[in-house]
Amino acid sequence: MLQVGAHAVVVDPGDAGPVFDALAQRPDLTLAAILVTHHHPDHTGGVAALREATGAQVWGPARENIPEPFTPLAHGAQVDVLGLGFQVIDVPGHTAGHIAYFLPAQGGQAPLLFCGDTLFSGGCGRLFEGSPQQMLHSLDALAALPGDTRVCCAHEYTLSNLRFAQAVEPVNADLARYTAQCEALRAQGQPTLPAELATERRINPFLRSREATVTAAVQQHARLPADAGEVAVFAALRQWKNDFR
Ligand SMILES: [Zn+2]
C-alpha cells in the first residue's frame with residue numbers, strides 16, 4: 001500500500017482482508033486506487049470487494065480479464081493517481097498481457113517498480129502464457145531501469161530463488177553476500193523486499209543469462225551446443241529452475 005496524504009493506492013490485492021485490516025487501523029485513510037499487473041486470482045481476488053466498499057478506481061492490463069469495470073492500460077500509458085505518474089511497461093511472459101508499473105524518482109524518493117510475477121528477487125516468474133523470448137525481453141526492459149529502483153515483487157520467494165542462483169553461480173561473491181543478508185532478515189521475520197535493481201543485476205541469474213559464467217553453467221547443465229543463442233540459454237535456465245529442488 002502506497003500512501004499520499006489521506007489516500008492510499010494498492011497493487012495486486014489478491015485478498016481484500018489485509019487491505020481492510022490496514023484501512024481499519026487508519027480510519028483517516030481512503031483507498032483511492034487499485035493497480036493490477038495481471039489476471040491471476042492471487043493478484044485480483046480482492047479487487048471487487050475493495051472497489052465495492054471504497055469506490056476505488058481500478059486500472060489493469062488491457063489484454064487480460066480483470067474484474068470489470070477497470071481502465072485498460074497498454075505499454076507507454078501513464079496512470080496519474082494522487083499526483084503520482086506511474087508509467088506502464090508491457091512485460092509479457094508469465095502471462096500474455098502482464099504489465100508493470102514504474103514510478104520515477106521524485107522528492108528525494110527512489111524510483112519504485114511494481115512488477116507482479118515478472119521479476120522476483122533472485123528469480124523470475126514461470127512462463128505460463130508467454131515464450132522465453134518474450135520473458136527475456138521483458139526482463140531486459142526492467143533491468144534497464146535506474147539502479148536505485150526499489151523492486152516491489154509480488155511474492156517473497158527470495159531464499160528459495162537464491163538457492164537456485166547459487167547452484168548456477170557458485171563463485172558469485174555478490175550473490176553469497178546477498179544470500180547471507182537475506183537469510184539474516186528472514187531469520188528475524190523481516191521481508192527481503194523491496195529489492196534494489198542494481199543488486200538484482202549482480203545476483204539474479206535471470207538478469208545475467210548473457211554473463212559468461214551463467215551461460216557456461218546453463219550450457220553444461222542442459223548440454224546445449226556451444227553456439228546456442230541467448231533465447232535458448234534463457235529457456236534452458238528457466239527449465240533448470242522449474243526442475244530444481
Ligand atoms: Zn501470477
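Just so you know, residue 1 is the first one in the sequence shown, and it goes up from there. Atoms within each ligand, like the ligands themselves, are counted from 1 in listed order. Computed from a predicted model, the values in this text were never measured in an experiment.
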Quiz prompt | Angle subtended at the Zn ion (ligand 1) by His94 NE2 and His38 NE2, rounded to 10 degrees | solution = 100°
Quiz prompt | Thr149 side chain to Glu196 side chain, donor-acceptor N/O pair below 3.5 angstrom | solution = no
Exercise. Taking both backbone and side-chain atoms into account, decide whether His43 has an N/O/S atom under 2.8 Å from the Zn ion (ligand 1).
Key: no
Quiz item: With a 4.0 Å cut-off, would you call Arg210 and Asp140 a salt bridge?
Solution: yes
Self-check item: Of all N/O/S atoms in Asp117, the name of the one nearest the Zn ion (ligand 1)
Solution: OD2
Self-check item: Main-chain N/O of Gly93 paired to Gln134 side chain as donor or acceptor, under 3.5 Å
Solution: no
Quiz prompt | Pair His43-Asp12, side-chain donor/acceptor within less than 3.5 Å | solution = yes
Quiz item: What N/O/S atom of His40 gets nearest to the Zn ion (ligand 1)?
Solution: ND1
